[in-house]
Amino acid sequence: MCGIVGYIGKRNSINIIFDGLKRLEYRGYDSAGVAVINDENEFNYYKKAGKVKELEKDFNGEILDGNIGIGHTRWATHGEPNDNNAHPHFDMNKHISVVHNGIIENFKTLKKKLTQEGYTFSTDTDTEVLANLIDFHCKTTHDFEKAVRYALTEVEGTYGLAMLCNTEPDKIIIARMGSPLMFGLGKDEIIVSSDAAAIIKHTKNVIYLEDGEMAILKRDGFQIKTINDVDIQREVQKIEYDLEQIEKGGFEHFMLKEICEQPDTIQNTYRGRINFETYDVKLGGLDSVREKLFNAKRIIITACGTAWHAGLVGEYMLEHYCRIPTEVEYASEFRYRNPIINKDDIVIVISQSGETADTRAAMKEAQRLGATVIGIVNAVGSTIAREVDCGTYIHAGPEIGVASTKAFTSQLMSLALITLMIGKHKGTIKEEEFKEIVDELKILPGKMKEIIGKMNEYKFVAEEFKDSLNFLYLGRGMNFPVALEGALKMKEISYIHAEGYPAAEMKHGPIALIDENMPVVFVAPKDDTYDKIVTNIEEIKARKGKIITISTDHDEEIKAYSDYTLSVPKTVDIFAPILNSIPLQFLSYYIASARGNNVDQPRNLAKSVTVE
Ligand code: M6R
């Protein structure tokens, strides 16, 4: 939710900032802007509604010359995404420049106070209020750092901030409360960013800022402090991935690349965690809570969006294979509904980015109530990963496409591994079945490759349905959340209205929607629910709905009921959601592409939602 980049060093900052902003654009892309301090200690800036490349096309490199600067790509919260509301923002005297990720909740009160002091405002944003507030404190302190500190003690809300002051042009000050921020240490230069993607090209040595901290960054060094002026020592960490992992590598879109990476990413999730000789599961990150997990009377899973769908599959897994009562909560609801949690409960938080504000707040609430909180996270070193009691990384690698794909299947794999670990220990998974599941793991990536190899089939079906106005997705058991996820993918990138339901729920209402124009996607593998779902398919067929089934290879029977079948290889039940999800990802991808949509950056969305 908004990307921040800053540069201080010997090179011209502008190209570094543009390059960084493009890499962070998945965080928000309503508008973008840059500000640099030039040799005369004046601000030169340019900001504009739209994408970074629009801004770059228009800007005049010479005017923006300077080796200290900040940039921003925005996902609007306060004020519509026009040129004026784009960041950076300035105080009315053009003395301070600020880029901001987050929300200043008491900005109206602060604005009133500053107005009484004679300040005027030219935008609708909360950020401009902060710029003026810093200027206000500069007037009395004559010290940029102190002014920032005083201003931040008055601010309520969340922020990741990078700030410049043209009377102290040798520093960038950054601060963090609730919105991620880090800086990379190069040779005689420092690069600030909301995440590692904008830094990795320049250095792999990074420092993460924690909540309540600020850092004063200069060409020759840095200082970290709390907002209350207490010095902090922090270790340098290494970014764990390479530049090529965040580039498209010849694919038309990141989403397509990420769908196709899944045979590898799934292996990265289980690599080193399964012993195929001894049939053991070891999740090192969960060592400290093994006994608690084995004795758990209740597990609560909390997450948002796609990660919440993974949690729903996890509920089926943990209840079916481990016999542990499991509940799944929307993180955004969990924190506000006074949940009944006690110290024996295990709470699992799932997050690709590790930065989702609602998920983080749910985690904190669970910790406050005394539960043990386990994270299933992708982004290494992210806020949630650092703040959970313990956890397991899914190791899917950077996911850039806004629509989550490979992270989803790796989240499912992580949940399966936890299930296997508990189920084996408790004996709720019989030895023979356990071995069958583990053996299946060895051939699962090959089966995923087979599914990916059928791109032309997905394209063909996508072409048939690209002009549909609605879609229904139906599944049963563990494949009901797969249906929900299929519908979410369709909605978010194709902008076609889509809903997921448990297949048998249709007859209780939604069946009224069925006519010859309604495509209905059934997730219908050959499992225990098969006969029931065939009956549900017949009910739709009788009402002339168009039926697309995700079926099991060689299932000839289901073809008779379906208008289109997209089949996947047979697998054990616990991995079926992983295989069944892939054709649904492709279907939404090809429909969105055929409609000419920006697949990687769908309208109104951002990759990580760091505001409530
Ligand atoms: O980073 P997180 O996994 O915490 O994100 C949660 C949701 O915002 C995310 O899954 C969202 O629903 C995706 N756009 C789905 O494709």
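Order of appearance sets the numbers: ligands from 1, and atoms from 1 within every ligand. Everything quoted here is computed from the prediction, not taken from an experiment.
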Please could you name the atoms of ligand 1 that [X] approaches to less than 4.0 Å, counting only its heavy atoms?
X	value
Glu492	13 (C), 14 (N), 15 (C), 16 (O)
Ser404	15 (C), 16 (O)
Val402	13 (C), 14 (N), 16 (O)
Lys489	15 (C), 16 (O)
Gln352	1 (O), 2 (P), 3 (O), 4 (O)
Ala403	16 (O)
Ser353	1 (O), 2 (P), 4 (O)

Practice prompt. Assess the side chains of Thr392 and Arg273: does a donor N or O sit below 3.5 Å from an acceptor N or O?
Written response: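 There is such a pair (donor and acceptor under 3.5 Å, judged by atom type) between the side chains of Thr392 and Arg273.
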
Worksheet item: Using a distance-only test with no angle check, is there a side-chain donor-acceptor pair under 3.5 angstrom linking Thr409 and Gln262?
Response: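 Thr409 vs Gln262: donor-acceptor pair found between side chains.
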
For [X] and [Y], take the angle between the two ring planes, folded into 0 to 90°, and tell me which bin it lands in: parallel under 30, tilted 30 to 60, perpendicular over 60.
X	Y	answer
Trp308	Tyr330	parallel
Phe465	Tyr564	perpendicular
Phe586	Tyr590	parallel

Practice prompt. Determine, for Glu464 against Lys546, whether the closest basic-nitrogen to carboxylate-oxygen distance falls under 4.0 angstrom.
Written response: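 Looking at Lys546 together with Glu464, the answer is no, because their closest N to O distance does not fall below 4.0 Å.
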
Fill in: Options Val349, Asn378, Thr356, ranked by nearest heavy atom to atom 2 (P) of ligand 1, top entry
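Considering heavy atoms of Val349, Asn378, Thr356, the nearest to atom 2 (P) of ligand 1 sits in Thr356.
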
Practice prompt. For Asn597 and Ser494, indicate whether the former's side chain and the latter's backbone hold a donor-acceptor pair under 3.5 Å.
Written response: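 Yes, Asn597 side chain to Ser494 backbone: donor-acceptor pair under 3.5 Å.
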
Report the nearest protein non-hydrogen atom to [atom]: residue, atom name, distance rounded to 0.1 Å.
atom	answer
atom 10 (O) of ligand 1	Thr306 N, 3.1 Å
atom 8 (O) of ligand 1	Val609 CG2, 4.2 Å
atom 7 (C) of ligand 1	Cys304 O, 3.6 Å

Worksheet item: Is Arg386 positioned over the aromatic face of Tyr208, cation under 6.0 angstrom from the ring centre and no more than 45 degrees off axis?
Response: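 The answer is yes; both the distance and angle limits are met.
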
Practice prompt. Of the side chain and backbone of Glu355, name the one, both, or neither that has a heavy atom under 4.0 Å from an atom of ligand 1.
Written response: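 It is neither part, as no heavy atom is under 4.0 Å.
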
